[in-house]
4 protein chains.
Amino acid sequence: MPRVTEEHRTARRDQILSAAMRCVARDGFHKMTMANVIAESGLSAGAVYGYFKGKNDLIQAIARRAVGGFAADLDTLADGDDQVTLPGALEVVLARARGLTADSEGGLPRIAIHAWSEAARDDEVKEIVRTNIDSIIKSWARVLARARADGNLGPDGDLDQMARSMYSLMIGFALQGLILDDVDEESYLAGFTALLA
Amino acid sequence: MPRVTEEHRTARRDQILSAAMRCVARDGFHKMTMANVIAESGLSAGAVYGYFKGKNDLIQAIARRAVGGFAADLDTLADGDDQVTLPGALEVVLARARGLTADSEGGLPRIAIHAWSEAARDDEVKEIVRTNIDSIIKSWARVLARARADGNLGPDGDLDQMARSMYSLMIGFALQGLILDDVDEESYLAGFTALLA
Amino acid sequence: MPRVTEEHRTARRDQILSAAMRCVARDGFHKMTMANVIAESGLSAGAVYGYFKGKNDLIQAIARRAVGGFAADLDTLADGDDQVTLPGALEVVLARARGLTADSEGGLPRIAIHAWSEAARDDEVKEIVRTNIDSIIKSWARVLARARADGNLGPDGDLDQMARSMYSLMIGFALQGLILDDVDEESYLAGFTALLA
Amino acid sequence: MPRVTEEHRTARRDQILSAAMRCVARDGFHKMTMANVIAESGLSAGAVYGYFKGKNDLIQAIARRAVGGFAADLDTLADGDDQVTLPGALEVVLARARGLTADSEGGLPRIAIHAWSEAARDDEVKEIVRTNIDSIIKSWARVLARARADGNLGPDGDLDQMARSMYSLMIGFALQGLILDDVDEESYLAGFTALLA
DNA sequence: CATGAATGAGTCTTCATTCAT
DNA sequence: TATGAATGAAGACTCATTCAT
């Protein structure tokens, strides 16, 4: 029978996590210091450590949240009533990515890139990212199946293999958007559409 | 200053850089310690600092080397005599990426991912990566122009915009290859080819 | 204030003290954390602080209980009807020490050693230990007086001075029993008896 | 080919160790802070960590030095030309203990008590202390053998068992000397001698 | 009274960099 | 020019204690 409600705990955890994500977006995982997170969260050191076992635990929570949510729209597309085309589906996803970039938490795509980097050296983060990529590719495969059913995709080709290319197109946009100055959905989509033609 | 000395300097610098790249491939930029680099290079602290101003300088040199070299083959393709198709061009690049992964320096693609992450928080590295992406996209645009000239690509579409998708397909492969277990050039290419159909 | 409440208070205090002694036996005074004591006692932080002013207060209570009780049998011996010999008296005390080692509270001798160590740096604990040693030596002196009266000890020698050696023999056994593997009462007593011969 | 001589390293290590022993004598193992040791040694944090892996390593080195040296005289006695009696041997050892108490490093007996306490909770320190006790008991057994050969000890009794009592008498003196105010070699020896009579 | 979340000063440890030899 | 011992600021984490509920 907790003295403090479960909601309160969740809210506090979220408060810390959001603060930490702002730090990571600004500094990356390894230049994010616990002191910064503590200051940014407005709590005390002890409080933060009451909600997260340590910096590693926090990093994993951040990675989980950062890579999730990119592909939320894909399942909606696959299950929706509208005609599904590849450029149309990609457009929806890119729009989401754009939105996340301007997010209050400081840019999920940016954090996602840090998560990939961390996944390249830490097995626990790697597992988080792997699971996420798998899930997104599965979603893309469903979208492609739907496009094929709608007659907007040729009958040949393994959907999972094709989904990997769609995943690449999606994250490639996120990366280019962060590094280059002149990347916008419209021209990126135009390029992809022209390629398909 | 005699020429041998200059060669000696270059060799030494390379020796340090190679050691540092092994460290980064293993640990990432921020868990790479100068002590590790010093030990791995077999030189002394003072020596390393004689060739690189500091850790930042070293990081930038690593980033430069890591992101370079991915697209060396693209210009060859554009200038060569063989017919150029998109899947064919992508195949060449993926094969190169595969080769680099098993490199003695510990995997350039891995380091490249660390470089993107670092670019997201450090403007000097960002500039290095930006220049590199620009250059690769330019090369892809040349390849696409050649493919169009060869009649293997439709007449419509802005080549630079299309090149961005090709860049995405290329780096998406590198990322998936690092995180997922079952990524191979053949199936990835098959997916891309099916998409084009 | 009703009597039951007072009993309740005493029981609670004891509950905390026992929990704390298990912690000290396991971890020593300084690696014993209040959090551990709180968890081990099954009470809340506030409750524990209601019974003990703080960690120091708890440490002193533990020290008091740990060093007491070692020599309870000595007075019984001095006042009893049986013939008193030195090996016989020592045997009784060693048996008690053995028993305490296996105690539910985790080994009083072990805690006593921690108390000596603490006495070497904290004057309040030092006073507790000093009082206890004085008292045990006094008891030994009474036992020696009785042995002399029984004709089992020569007529010469200051009893208080001799008592100090008996104290040493007693605690030396406790210490050796904790550190060495092959210490048993029988052989230790045999050694002492042979020395006297 | 070290740039700095081995002697220099040894001297530095000793400088740190001595500083640390003063800290332990004053504060005990767990209230000894690395910051104190660093300040007391006059070196920097990094330097200290260059000579000791960490606090644990330092604790073990302190424990090793503190418990050693107590019994150095015993072997000399056993191998010497003078008649050996038990009170005579004990006197030599007590005199040494007295001397160490006033030592520049702050009192080896005091630190030894801390070491026993630590041995009760840390297996590595326990092993150090165990080895030391074993060795002292062995030395006492040699002294007793010599006393017996000299006709100053009865022919019966296992020497190793008797040696344990001698060890107890020795450390009991050290402990009492630290806690009680009125302990001096003379009266302690008188008590022991009277006991033997 | 009881609770246990929150506090924040204090610990140990690392590591980029320098500079006397 | 080369060395590597030394520096010390900065980082992650702990834990005795309090106090709002």
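Each chain gets a letter, A, B and so on, in the order the sequences are listed, and its residues count up from 1.
Residues from residues 29-46 of chain D lying near DNA chain F, meaning a heavy-atom separation below 4.0 Å, are D:Leu43, D:Ser44, D:Ala45, D:Gly46 in numerical order. At a non-hydrogen distance threshold of 4.0 Å, nothing from residues 115-123 of chain C comes into contact with DNA chain F. Residues from residues 47-60 of chain B with heavy atoms under 4.0 angstrom of DNA chain E, sorted by number: B:Tyr49, B:Gly54, B:Lys55.
For A:Arg12, the side chain to side chain donor-acceptor pair (under 3.5 Å) partners two or more places apart in sequence, or in a different chain, are A:Gln15. For C:Thr33, the side-chain contact (heavy atoms from CB on, under 4.5 Å) partners two or more places apart in sequence, or in a different chain, are C:Ala35, C:Asn36. Under the side-chain contact (heavy atoms from CB on, under 4.5 Å) criterion, B:Ala45 pairs with B:Ile38, not counting sequence neighbours. Partners of D:Tyr49 by side-chain contact (heavy atoms from CB on, under 4.5 Å), not counting sequence neighbours, listed by chain and number: D:Met34. Annotation: side chain to side chain donor-acceptor pair (under 3.5 Å) contacts of C:Asp122 (sequence neighbours excluded): none.
For the salt bridge (charged side-chain N to carboxylate O under 4.0 Å, His left out) condition, no pair includes a residue of residues 46-56 of chain B, sequence neighbours left out. Applying the salt bridge (charged side-chain N to carboxylate O under 4.0 Å, His left out) rule to pairs touching residues 27-40 of chain C yields C:Arg22-C:Glu40, C:Arg26-C:Glu40, sequence neighbours excluded.
Regarding contacts with the backbone of E:dA6, a side-chain N or O of A:Arg12 is found under 4.0 angstrom from either OP1 or OP2.
Here the CZ atom belonging to D:Arg13 is positioned 8.5 Å from the OG1 atom belonging to D:Thr10, to the nearest 0.5 angstrom.
When each of D:Ile62, D:Val24, D:Ile59 is tested with D:His114 by the rule side-chain contact (heavy atoms from CB on, under 4.5 Å), just one qualifies, namely D:Val24.
For DNA chain E, if you chain together Watson-Crick or G-U pairs that step i with j, i+1 with j-1 and so on, the runs of at least three with distances under 3.5 Å are E:2-21 with F:2-21.
Contact check for C:Val67 versus C:Leu108: no side-chain heavy atoms found under the 4.5 Å cut-off.
Computed from coordinates, the D:His8 NE2 to F:dG4 P distance equals 14 Å when rounded to whole Å. In this structure, D:Arg13 atom CZ and F:dA5 atom C1' are separated by 16 Å, rounded to whole Å. Protein atom CG of B:Asp27 is 14 Å distant from nucleotide atom C1' of E:dT14, rounded to whole Å.
No side-chain donor-acceptor contact under 3.5 Å links D:Asp57 to the backbone of D:Phe52.
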N/O donor to acceptor pairs below 3.5 angstrom from side-chain atoms of residues 124-131 of chain B, sequence neighbours left out:
{"residue": "B:Glu124", "atom": "OE1", "partner": "B:Gln60", "partner atom": "NE2", "Å": "3.2"}
{"residue": "B:Glu127", "atom": "OE1", "partner": "B:Arg130", "partner atom": "NE", "Å": "3.3"}
{"residue": "B:Glu127", "atom": "OE2", "partner": "B:Arg130", "partner atom": "NH2", "Å": "2.9"}
{"residue": "B:Arg130", "atom": "NH1", "partner": "B:Asp134", "partner atom": "OD2", "Å": "2.7"}
{"residue": "B:Thr131", "atom": "OG1", "partner": "B:Glu127", "partner atom": "O", "Å": "2.8"}

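Using a cut-off of 4.0 Å between Lys/Arg side-chain N and Asp/Glu carboxylate O, B:Arg9 and B:Asp14 are scored as not salt-bridged.
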